[in-house]
Amino acid sequence: MTCQEASDDVNSMRTDRGPQRASRAPDSDQDRISAAMADLRRTGWYWGALNANEANEKLKEAAEGTFLVRDSSHRDYFLTISVKTVWGPTNLRIEYQDGKFRLDSVILAKPKLQQFDSVVHLVEYYVILCQMIQNAQHLAPQNRSVQLQLTKPLYNKTPTLQHFCRINIHRATKRIHELPLPSKLKKYLLEYKYQV
């Protein structure tokens with residue numbers, strides 16, 4: 001499976017999920033960023049004002065693919081993903097432009113990068129993409145073409161059991177509104193609609 005095939009599979013999975021935040025588009029960049037940060041704070045893997053050295057120290061002994069999101073120390077970016085690679089911890093800036101979030105890249109690659117309404121959606125996309133590529137390589141081993149992996153979040157504190165259950169429910173179904181659950185519980189599930 002190529003990265004493009006896996007990317008297409010992830011995109012089709014996301015469109016099957018039903019109405020997204022875009023259907024309730026916030027009015028301004030400030031509203032979009034505020035909504036994205038609210039989602040990010042619910043994850044447990046957003047570390048806030050951690051600097052690059054502190055992030056590298058936290059990831060130093062972690063397994064490859066372990067990641068966290070933190071505030072960016074670069075004035076042109078809001079956030080950074082710090083991730084453990086085979087070469088050690090590295091940092092990827094997340095940029096916000098035209099109401100969307102995407103990974104920072106060289107200018108020629110930017111038009112090809114996926115864009116997202118939220119940072120959590122961005123991270124979820126790449127986590128699922130990495131899982132799909134790993135599964136495909138496991139079935140048909142080949143040279144490792146993806147050097148960067150996002151596989152496991154590094155939590156700043158242990159999330160609640162309810163939060164872990166919510167994540168697993170979202171992994172199991174895209175149709176929360178059809179579950180035979182009280183409306184209060186459905187509301188809780190829909191406050192965080194991600195698989196990571």
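Owing to the predicted nature of the structure, the values given are computational and were not obtained by experimental measurement.
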Trainee: Atom OG1 of Thr151 and atom OH of Tyr126: how far apart are they, to the nearest 0.5 Å?
Mentor: 16.0 Å
Trainee: Measure the NZ-CG distance between Lys184 and Leu189 for me, rounded to the nearest 0.5 Å.
Mentor: 13.0 Å
Trainee: Could you report the tightest heavy-atom contact between Ser82 and Ala55, atom names first, then the distance?
Mentor: OG-CB, 3.5 Å
Trainee: Does any part of the side chain of Glu54, heavy atoms only, come nearer than 4.5 Å to the side chain of Asn51, both counted from C-beta?
Mentor: yes
Trainee: After noting the C-alpha distance and the side-chain angles of Ile176 and Leu181, does the key distance pass the side-chain contact (heavy atoms from CB on, under 4.5 Å) rule?
Mentor: CA-CA 9 Å; Ile176 301 300; Leu181 298 171; 5.7 Å; no
Trainee: Roughly how far, to the nearest 0.5 Å, is SG of Cys165 from OH of Tyr188?
Mentor: 8.5 Å
Trainee: Kindly determine whether Tyr192 and Asp39 satisfy side chain to side chain donor-acceptor pair (under 3.5 Å), including the steps that lead there.
Mentor: CA-CA 7 Å; Tyr192 184 85; Asp39 275 353; over 6 Å; no
Trainee: List for me each residue that meets ring pair (Phe, Tyr, Trp, His ring centres under 6.0 Å) alongside His177, sequence neighbours excluded, and say none if there are none.
Mentor: none
Trainee: Does Glu178 CD have over 12 foreign heavy atoms under 6.0 Å away?
Mentor: yes
Trainee: What distance do Lys84 atom NZ and Leu68 atom CG have between them, rounded to the nearest 0.5 Å?
Mentor: 12.5 Å
Trainee: Show the atom names and distances, to 0.1 Å, of all donor-acceptor pairs under 3.5 Å that link a side chain in residues 152-159 to residues at least two apart or in another chain.
Mentor:
| unit_1 | atom_1 | unit_2 | atom_2 | d |
| --- | --- | --- | --- | --- |
| Asn156 | ND2 | Tyr46 | O | 2.7 |

Trainee: Would you sort out whether Glu191 and Lys187 count as a side-chain contact (heavy atoms from CB on, under 4.5 Å), showing the intermediate values?
Mentor: CA-CA 6 Å; Glu191 286 173 359; Lys187 181 181 176 189; 4.1 Å; yes
Trainee: What verdict does the side-chain contact (heavy atoms from CB on, under 4.5 Å) test give for Gln114 and Phe116, after you've listed the backbone C-alpha separation in whole Å, the side-chain angles of each residue and the deciding distance to 0.1 Å?
Mentor: CA-CA 7 Å; Gln114 294 288 327; Phe116 304 92; 3.3 Å; yes
Trainee: Could you state whether Val127 and Leu92 fall into the same hydrophobic cluster, counting links through intermediate Ile, Leu, Val, Met, Phe, Trp or Tyr residues with side-chain heavy atoms under 4.5 angstrom apart?
Mentor: yes
Trainee: Under a single-linkage definition using a 4.5 Å side-chain heavy-atom cutoff for Ile, Leu, Val, Met, Phe, Trp and Tyr, are Leu129 and Val196 assigned to the same hydrophobic cluster?
Mentor: yes
Trainee: Who passes side-chain contact (heavy atoms from CB on, under 4.5 Å) against Ala52, sequence neighbours left out?
Mentor: Arg70, Asn91
Trainee: Which residues satisfy the salt bridge (charged side-chain N to carboxylate O under 4.0 Å, His left out) test with Asp71, sequence neighbours excluded?
Mentor: none
Trainee: Hey, could you give me the NE2/CD distance between His121 and Gln195, rounded to the nearest 0.5 Å?
Mentor: 10.0 Å
Trainee: So do Ile128 and Gln131 actually touch side chain to side chain, heavy atoms under 4.5 Å?
Mentor: yes
Trainee: Go through it in stages, so that I can follow the logic: the residues are Val83 and Leu59, the test is side-chain contact (heavy atoms from CB on, under 4.5 Å), and I'd like the CA-CA distance, side-chain angles, deciding distance and then a yes or no.
Mentor: CA-CA 7 Å; Val83 59; Leu59 292 167; 5.5 Å; no
Trainee: What residues form a side-chain contact (heavy atoms from CB on, under 4.5 Å) with Glu57, not counting sequence neighbours?
Mentor: Lys60
Trainee: Identify, with sequence neighbours excluded, every residue that meets side-chain contact (heavy atoms from CB on, under 4.5 Å) alongside Ser183.
Mentor: none
Trainee: Which heavy atom of Val119 sits nearest to which heavy atom of Ile94, and what is that distance?
Mentor: CG1-CD1, 3.8 Å
Trainee: Side chain to side chain donor-acceptor pair (under 3.5 Å) with Asn168: which residues, sequence neighbours excluded?
Mentor: Arg171
Trainee: Hey, are the side chains of Lys58 and Trp47 touching, using non-hydrogen atoms and a 4.5 Å cut-off?
Mentor: yes
Trainee: Could you state whether Val123 and Leu103 fall into the same hydrophobic cluster, counting links through intermediate Ile, Leu, Val, Met, Phe, Trp or Tyr residues with side-chain heavy atoms under 4.5 angstrom apart?
Mentor: yes
Trainee: Check step by step if ring pair (Phe, Tyr, Trp, His ring centres under 6.0 Å) holds for Tyr194 and His170.
Mentor: CA-CA 6 Å; Tyr194 305 101; His170 284 294; 7.9 Å; no
Trainee: Residues two or more places apart in sequence or in another chain: which of them pass side chain to side chain donor-acceptor pair (under 3.5 Å) with Ser72?
Mentor: Thr80
Trainee: Report yes or no: do Ile167 and Val120 belong to one cluster of Ile/Leu/Val/Met/Phe/Trp/Tyr joined by side chain heavy-atom distances under 4.5 Å?
Mentor: yes
Trainee: In chain order, what residues pass the ring pair (Phe, Tyr, Trp, His ring centres under 6.0 Å) check against Tyr96, with sequence neighbours excluded?
Mentor: Phe101
Trainee: Between Lys100 and Asp117, does any side-chain N to carboxylate O distance fall below 4.0 Å?
Mentor: yes
Trainee: Can you measure from CG (Leu179) to OG1 (Thr173) and round to the nearest 0.5 angstrom?
Mentor: 5.5 Å
